[in-house]
Amino acid sequence: MSSIMPSTYLPAAIVTSLVTSFLTMLVLFYIQYLHLHPRASRCWALAYACLVMQQLCHLLGDGQSLVFNLAADVFLSGYICYLWAGTRIFHGVTVFVMPVMLSFAIAVLWLLMTSLTAVHSLWRMLPVYLAFGLVMLAASMTFLRTRNEKHVLGFILLGVLLGFKGIYLAGSPFLQNQPEYLVLGLQASTLLDLAIGMLFLVAALLRQQDDAARMNDNLKQEMEERKNIERLSKDRETLFEKVFQMVPDVLAICREKDGRYLDVNRHWETITGYSREETLGRYSLELNLWMDVRRRAEMLATLRRDGEINNFEGLYRHKLGHAYHVLISGTLFDVGGEPYIAYAMQDISALRKVEQLQEQAERDLQEREKLLSTVFQLVPDTLTITRMATGEYVDVNRNWEPMSGYTRKEAIGHTSNEIQLWEQPEQRDQLIRQIQLHGEVRNMQIAFRHKQGHTSNCRVSGSKFETGDDTYLLLSSRNIDQELSAETARLHAESLLRENEQKYSTLFQLSPIPLGLVDVKTDCIVEVNDVWLKELGYQRQDIVGRTTLEMGIIRQAELRAKFNEDLGRDKKIDQLEVRIRDQAGEEVIFLLSARLIKMHGKAMCIFSLLNVTRQVQVEQEIREMTAQLEERVRLRTLNLQQANAELAAAMESLRHTQDELVRSEKMAALGSLVAGVAHELNTPIGNSVTVASTLQDKTRDLVRDINDGQLKRSVLDHYLDSATTGTALLMRTLGMARELIGSFKQVAVDQSSSHRRQFDLKVALEELIVTLAPMYKNTPYHLVTELAPGIGMDSYPGPLGQIMTNFMTNALTHGFEGRESGEMCLSTQLLPDDQVQIIFADNGIGMTEQIQKRVFDPFFTTKLGQGGSGLGMNIAYNLVTGVLGGEIRLESKPEEGTRFILVIPLHAPQLSSENEKTAG
């Protein structure tokens, strides 16, 4: 309601409406209690209960409370829903609860949302009240459409009042904004509600009166119909008796409780042999009618369960004793509250005999058809049946689709021309002429076109036969593509075999080494090639047909037995040394290789002979040369040992010299002295000893092979290569040692006696790596190189080799201490300005900052007292910065390895000694 209301008249109007609605509700609940249209009355009473609650909310809220106003509108929604439902029920229309509840929920949700969002009361109420008005108008139209001749004015009046109520509800939002008309509108609404409620009461009473009158009319009509039924019943009994007797089937009526026959028609005696007098009052078991009593029990059980039976077959016994089949139909019916059974029976004995004969004939026919169909389908050839007159396919077996590509459905009803089966149509015409002339065709080769387009060659046989008034053609087709392919393949294989035999015979004769073919079973030589004859000086007729033993091939019995055993097990023999005498009687040494093959069903052995007589002689000469070489190596080893002794004495002298230099604190002189001796001298000497010991081991192995007679050319070649390489390394390292000994008195910047020359950096470093390989070859550490090719230098390779040797020695001695494995890496890179960068790195234990600060100091070592002198890095530093004219940088972290980075020019600076030589 609007917040502007007259304070005097409005509460009185609301109370009046509330009391009126309450009384109307009570009246409607009372008529619902009297069962006057109880469902519709209950809905109308609930509608007025909602109207009472609406007026009560208006009274309590006094138009100022939002909650009470909202509750009033909700109860008004309930009033509309219940009134609409009652109206529909009153007119016998089904009320669907879900749409009504959904409409109610939508209206309440709209009111709630608009109230919470402070929408103006007019716009909040207008859509809902318009909907309420439309519902009331729809209820009004329901009553206005009523076509009741007695009370049509009352229903029309009720419809008009409901229409006025709908108009009032639709205009209520506008009326509530006009305070001066609000009380008047409320009073008019009260009168409408009272009139509508009373008319609801009157409508219920009138409808109840109409229902009572209708029931009286129905009762009178039913009494009249019952009299007519009684009159017709007598006529029907007379008619029934006539029909009962005239029906051609046997009819019988009996009581359900004891099965005694109450009546049978005149055909009963014809079928059963019992007269009507003999049957009435007795039941079927007394008359001994059933051949199988269990069938009677089944029939009665079905009858009691379903109320009837239809075409139940039983076997009866005639009064004279013979059995016959009957077909029984019956129904269960009540007369005067007592159940009876009416039966209709037919004698079907003759029909059963005919059916049995027909079933037997059908079974025989089906078995024959099944047998013929099975044979038709299982025949490995493709079978087709066509009509001679039209050429249409009548049936095809299961091999048809693989042969033609068409399914059975695609073939039946079509001709071979329609599916374009014939590759050559003239072959079809020829086939038809043969069939018409001779009645059959045998093994005619025909080409059929497959559905996919390729051609299949078939061998076709067939004949015509007649069935009824039509003539059919049965054709059998067998695919012979494989036969033709096999024949072609056989001819091709025979041709290839002849070609292969000719080819292998040619290869056999043209082989550059002697070849022979031996029959394993007889040990006779079957064939030898021309080289055999040339090598041994025989004629072919002198060899073919003789045994290998006669030809002196493997004379020793033990060796021959082992040869046969190995050949039988492994099917081959490789490099077996045999000695055979030629025609002149000279012994020739061969290496025999053999293979076991099958030829024309026989086990044959093909063998080759490789003449190694000259090789054996060379090996003998090599053995003699090896003995001489061993002696020379022994002498050189003695000389090397003497040189090592002299070097050891020199080392001892140098140690004394170093002690004196330390005491006199002449660091520069000590650095140059140790640069030539302390570290670098030990490296070539150790390498020389390693190379000499390796040569000694390889010489011992060579002598053992010679003594055992197992020396091979490859082993000798390998030894000579190793001896040549080892001797060169030995001479180079001893020469380096000799040069180092001769230069130990020079100054620190002139440590190396190596001469300046042009060289390829990669080649020089690779030669150095070969020299240093014995240092780490038998250790868990390895070297990785990344050497850039094509870097030409004009410098001093000797000092560069000393530097790399110091780096590797320190890595193996210090860098990998306590490590089970490690990796060294040497890489080169060409830099701008004619410089090259050389990096030597390891992944060892690294250095602390304190060690890095002193690593290039002379006599600094972490192995003091353990063989380390502390001069290696100082020598390397002096060589890089002095002789090579470059710079050296150190990068290292504990547990992350060490990197030495050298940047040196491609052209080393001129030393003073070189300048002097040039000037001189």
Side-chain angles (χ1 to χ4, degrees), residues 671 674-675 678-680 682-683 686 761-762 764-766 768-789 791 799-832 835-882 884 886-905:
V674 176
H679 191 282
E680 313 307 327
N682 206 24
T683 300
L761 179 59
K762 180 179 179 182
L765 291 178
E766 286 177 347
L768 178 63
I769 290 170
V770 172
T771 305
L772 300 179
M775 298 175 61
Y776 61 89
K777 180 173 64 174
N778 297 321
T779 67
Y781 317 117
H782 63 279
L783 175 66
V784 178
T785 59
E786 297 177 1
L787 305 178
I791 301 177
L800 183 61
Q802 293 181 23
I803 295 168
M804 295 298 109
T805 304
N806 287 343
F807 287 165
M808 185 176 294
T809 303
N810 283 338
L812 296 172
T813 305
H814 304 286
F816 296 137
E817 185 178 8
R819 295 290 181 92
E820 294 181 358
S821 63
E823 181 182 278
M824 299 173 287
C825 181
L826 177 61
S827 62
T828 61
Q829 180 182 359
L830 184 64
L831 300 178
Q835 289 185 321
V836 65
Q837 176 179 276
I838 303 175
I839 299 177
F840 182 90
D842 65 72
N843 60 353
I845 60 176
M847 304 181 189
T848 62
E849 292 185 1
Q850 292 79 3
I851 296 176
Q852 293 181 48
K853 292 178 181 178
R854 300 187 59 192
V855 70
F856 296 115
D857 292 345
F859 298 104
F860 174 78
T861 179
T862 58
K863 298 289 186 178
L864 187 61
Q866 302 178 16
S869 62
L871 296 173
M873 289 296 101
N874 180 257
I875 293 172
Y877 181 82
N878 291 333
L879 291 175
V880 172
T881 57
L884 301 180
E887 60 182 18
I888 183 171
R889 187 170 72 253
L890 170 65
E891 295 179 357
S892 181
K893 289 184 180 180
E895 302 303 325
E896 294 184 8
T898 303
R899 283 163 50 96
F900 291 97
I901 305 172
L902 281 66
V903 179
I904 58 177

Quick check for you: to the nearest 0.5 Å, what is the distance between [X] atom [atom1] and [Y] atom [atom2]?
X	Y	atom1	atom2	result
Leu879	Tyr877	CG	OH	12.0 Å
Leu890	Ile851	CG	CD1	10.5 Å
Tyr781	Asn843	OH	CG	10.5 Å
Thr848	Lys853	OG1	NZ	9.5 Å
Gln829	Leu761	CD	CG	12.0 Å
Ile888	Phe856	CD1	CZ	4.0 Å

Do you know which two heavy atoms are closest between [X] and [Y], and how far apart they sit?
X	Y	answer
Pro905	Leu884	CD-O, 3.4 Å
Ile839	Gln837	CD1-NE2, 3.2 Å
Thr805	Thr809	O-OG1, 2.7 Å

Heavy-atom distance under 4.5 Å between the side chains of [X] and [Y], does that happen here?
X	Y	value
Met824	Leu812	yes
Leu765	Thr828	yes
Pro780	Glu820	no
Ile838	Leu826	yes

Check whether more than 12 heavy atoms from other residues, nucleotides or ligands sit under 6.0 Å from atom CZ of Phe816, and answer yes or no.
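Enclosed.
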Compute whether any side-chain donor of one residue and acceptor of the other, for Asn810 and Asn806, lie under 3.5 angstrom apart.
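No, because no side-chain N or O of Asn810 sits under 3.5 Å from a partner of the opposite role on Asn806.
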Could you pull out all donor-acceptor pairs under 3.5 Å where a side-chain atom in residues 894-904 meets a protein atom, sequence neighbours excluded?
| unit_1 | atom_1 | unit_2 | atom_2 | d |
| --- | --- | --- | --- | --- |
| Glu895 | OE1 | Arg819 | NH2 | 2.9 |
| Thr898 | OG1 | Ser892 | OG | 3.1 |
| Arg899 | NE | Glu891 | OE1 | 3.3 |

Set of residues satisfying side chain to side chain donor-acceptor pair (under 3.5 Å) with respect to Glu823, sequence neighbours excluded:
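With neighbours one apart ignored, the set is His782.
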